[in-house]
Amino acid sequence: MAEQRTSIHGQWSSRLMFIMAATGSAVGLGNIWKFPYITGENGGGAFVLVYLACIALVGIPIMMSEVLIGRRGRQSPINTMRTLAYEESRHGFWQIVGWGGVVAGFLIISYYSVIAGWALAYVFRAASGMFIGVTGDSAGSMFSHLVADPERLLAWHTIFMVMTTVVVARGVHSGLEKAVQYLMPMLFLLLLVLVGYAMTTGSFEQGLRFLFEPDFSAITAGGVLLAMGQAFFTLSLGMGAIMMYGSYLPKEASIAKTSIIIAGLDTLVALLAGMAIFPIVFANGLEAGEGPGLIFQTLPIAFGQMKGGVLFATLFFVLLVVAAWTSGISLLEPAVAWLVENRGWQRVRGATVVGVVGWALGIITIMSFSGWAFSFEFAGKTKSNGLFDMLDILTASIMLPLGGLAMAVFAGYFMSRESTVDELGMGDRFSYKLWRFVARYITPVAVILVFLHAIGVV
Ligand code: PHE
C-alpha cells in the first residue's frame, strides 16, 4: 500500500530539508539570468504581471500536485507514474509523463550547463579585477568575446557538468543540503547589495516602473506563452524534478505550506534580480531587450563602480554558480533514479552516463552563439541564437507546461479523492477543496487557453 512505501534512494531528514532542496532546485539561472532578460525582451510590467498570475494560479497548484504524486509513488517519475496509474486503475500510458520529463531534463541541462559555464567564467573575470571602470560598451564586448569562443565555452561547460554529475553520483542528500543552507541566504544578501547600488544610479524609479507598470500593448500572445513557460521553468515544474524531490519527503510534512513557501522565495529572488538589473540598464543607456547576455553586460558595470566591487562581484558569480549547481542536480536526478531502479545500476554509473549525454547535447548551445547562429522571429521578437532559442522555447514553453498540465489532470481527475485527501493531509477542509477545484478547472483551462492564444486560435 502507498502508506508504507519508502524510497530506495533515501529520505530528507526533515521538512525543512525538502524546502531547502526544492528551493535550491527552483532558484537558479531562471531567476537571475532568465527572468530579467525575457522580461526585458517582452516589454516589462505586463509580462511580469502575467508571470506572477501564472505562479499563483498555475504554479502553486501544479507544484502541490507534483509533490503529492511524488510522495505517494516514492520512485523516479517514470515508475511513480506507472505505479500510481496501476493503483488508481488507470492506463499505464500515464508513465509518458515521466518519460517526457526525462527528455526535457536532458534538453534543459544541455543549455543550462553552458550558461552556468558563462557564470563560472565571470567568477575569474570578477576576481581579476576586469570589471573595474567597465562601461556599457566594454562590458558588451567582454561578453561577446566569451560567447564567440566555442573552445572556451566548452571548457567551462565541461567543468560545470562534471561538478553536477559528481554530486548526483554521491546522492543528493549528502552535500546538497549544506550548500543550500548557507549559500542561498548569502546570494539573497548580495542581491540586496545590488538593489542598494541600483538605488544610487538615479534610474531606480525608471527601473521599477519598467518592472511593475503594466503596458499591455508591449506584450504579444507569444509573450504570454513565454511568461507562463517562465513560471514553470523557474519553479522547476513539469519535468519530474519536484516529483523526485517530493518522493523523498517525510509523510507528515504539509505539501500546501511548503509549496507556497518555495514559490514565494523563488519569486522574491526573481523580482530582486529585476530590481537590481533594470536601473543599471537605464542608467547606462543599455537595451532592456539585450537578450541572454543581459546580466553579464549590466552587473559588471555595477560591480566595477562600487566599493569592494571585486570581492562582491567574485562572491556574486560564485553564488550564482552554486544556485545553478543545485538546480542542475535536480535536472539529472529523475533519469539517474530511473537507471538505478530499473537497471540496477550504481548511482555513479547512472550519473556518468546521464552526465555524458547532457554534456554532448550542450555542444548545440555552444555553437548557437557562434558558428551555427541563425535568427528567427518569435513572439514578435528576433531570436538570434537559433538552436539555443528553439531548445529553450521547446522545453520551457511547451514541454514543461504540457508535463505540468498532465500532472494536474492526473492528480485532479485520475487519482481518487481518498488518495489526494490522504496525501495532502489537510482533511476535506476548504483548503483541500480549493486545491482540487483549481487543479481540475483553473489550471488546465489556463494552460490550454495560453497555448491556444499563442497559436492564434483564441
Ligand atoms: N528552476 C531552475 C531555475 O530557475 C531551472 C530548472 C528547471 C530546474 C526545471 C529543474 C527543472 O534556474
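Because the structure is a prediction, the values reported are computed rather than measured. Indexing begins at 1, ligand by ligand and atom by atom, following the structure's order.
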Is the side chain of [X] donor-acceptor paired with the backbone N or O of [Y] at a distance under 3.5 Å, no angle test?
| X | Y | answer |
| --- | --- | --- |
| Arg347 | Val340 | no |
| Thr258 | Ile255 | yes |
| Arg15 | Ala253 | no |
| Ser368 | Phe388 | yes |

For ligand 1, list all ligand N or O to protein N or O distances below 3.5 Å, rounded to 0.1 Å.
| from | atom 1 | to | atom 2 | distance (Å) |
| --- | --- | --- | --- | --- |
| ligand 1 | 1 (N) | Ser25 | O | 3.2 |
| ligand 1 | 1 (N) | Ala26 | O | 3.0 |
| ligand 1 | 1 (N) | Phe233 | O | 2.8 |
| ligand 1 | 1 (N) | Thr234 | O | 3.2 |
| ligand 1 | 1 (N) | Ser236 | OG | 2.9 |
| ligand 1 | 4 (O) | Ala26 | O | 2.9 |
| ligand 1 | 4 (O) | Gly30 | N | 3.3 |
| ligand 1 | 4 (O) | Asn31 | OD1 | 3.4 |
| ligand 1 | 12 (O) | Leu29 | N | 3.1 |
| ligand 1 | 12 (O) | Gly30 | N | 2.8 |
| ligand 1 | 12 (O) | Tyr112 | OH | 2.4 |

Q. Of the non-hydrogen atoms in Gly30 and Phe233, which two are nearest, and what is the gap between them?
A.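 That closest heavy-atom pairing would be CA-CE2, 3.6 Å.
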(Q) We want to know whether Thr395 and Tyr111 form a side-chain donor-acceptor pair, criterion being a heavy-atom distance below 3.5 angstrom. (A)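 Indeed, the side chains of Thr395 and Tyr111 share at least one donor-acceptor pair under 3.5 Å.
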